[in-house]
Amino acid sequence: MWRNHLLLLGVVLALPVRAIAEDETGIVLTEGLGRDQAQASCSMCHSLDYIPMNTPILDRKGWEGSVNKMIKVMGAPVAEADIQKIVDYLTSQYGK
């Protein structure tokens, strides 16, 4: 019985930490065609602040490489139909 209480306590204590770690409310990506796909796909695995942080260094080729790495190496679950939309968006709004 006490194990169930400890498990419940652990879950309850972990919730606020997870909510803080996943708080993306202050990060707003620039409006543009493909933003919804980029926002949904990228935020599944990491904070959206990585996008503007990489702006000074990534051109189209860099964004293509980054998106492909996230899919092929990191296992990001991005729909095939969204890949080009995401790359186009990142290049137009955050490319150098």
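Reckoned from all heavy atoms, side chains included, excluding hydrogens, waters and symmetry mates.
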Query raised in the report: Do Asn54 and Ser66 come close enough that some side-chain heavy atom pair is under 4.5 Å?
Result: no

Query raised in the report: Given a cutoff of under 4.5 Å between side-chain heavy atoms of I, L, V, M, F, W and Y, with clusters grown through shared members, what are the other residues clustered with Met44?
Result: none

Report task. Write down the atom of Pro52, the atom of Asp49, and the distance for their closest heavy-atom approach. Result -> CD-O, 3.5 Å

Query raised in the report: Going from NZ on Lys96 to OG1 on Thr55, what distance comes out if it is rounded to the nearest 0.5 angstrom?
Result: 11.5 Å

Requested in this report: Identify whether Met70 and Ile83 are in the same connected component of the hydrophobic contact network (ILVMFWY, side-chain heavy atoms under 4.5 Å).
Outcome: no

Query raised in the report: Is the backbone N or O of Gln37 less than 3.5 Å from a side-chain atom of Ser41, with the two atoms forming a donor-acceptor pair by type?
Result: yes

Query raised in the report: Hey, any chance Val78 and Leu90 share a hydrophobic cluster, counting ILVMFWY side chains that come within less than 4.5 Å of each other, even indirectly?
Result: yes

Query raised in the report: Donor-acceptor pair, Thr91 side chain versus Asp88 backbone, under 3.5 Å?
Result: no

Query raised in the report: With sequence neighbours left out, what residues match Glu31 under salt bridge (Lys or Arg N to Asp or Glu O under 4.0 Å)?
Result: Arg35

Query - Euclidean distance, Leu29 CG relative to Gln39 CD, rounded to 0.5 Å - result: 5.0 Å

Query - Salt-bridge contact Asp36-Lys85 (side-chain N to carboxylate O under 4.0 Å) - result: no

Query raised in the report: Please, which pairs that meet ring-ring contact (aromatic ring centres under 6.0 Å, His included) have at least one residue in residues 48-80, sequence neighbours excluded?
Result: His46-Tyr50

Query raised in the report: Quick check: does any side chain N or O of Tyr94 sit under 3.5 Å from a backbone N or O of Thr30, one acting as donor and the other as acceptor?
Result: yes

Query raised in the report: Honestly curious: do Ile57 and Met53 fall in one hydrophobic cluster under the side-chain, below-4.5 Å linking rule?
Result: no

Query raised in the report: How far does CD1 of Ile86 sit from CD of Glu64, to the nearest 0.5 angstrom?
Result: 12.5 Å

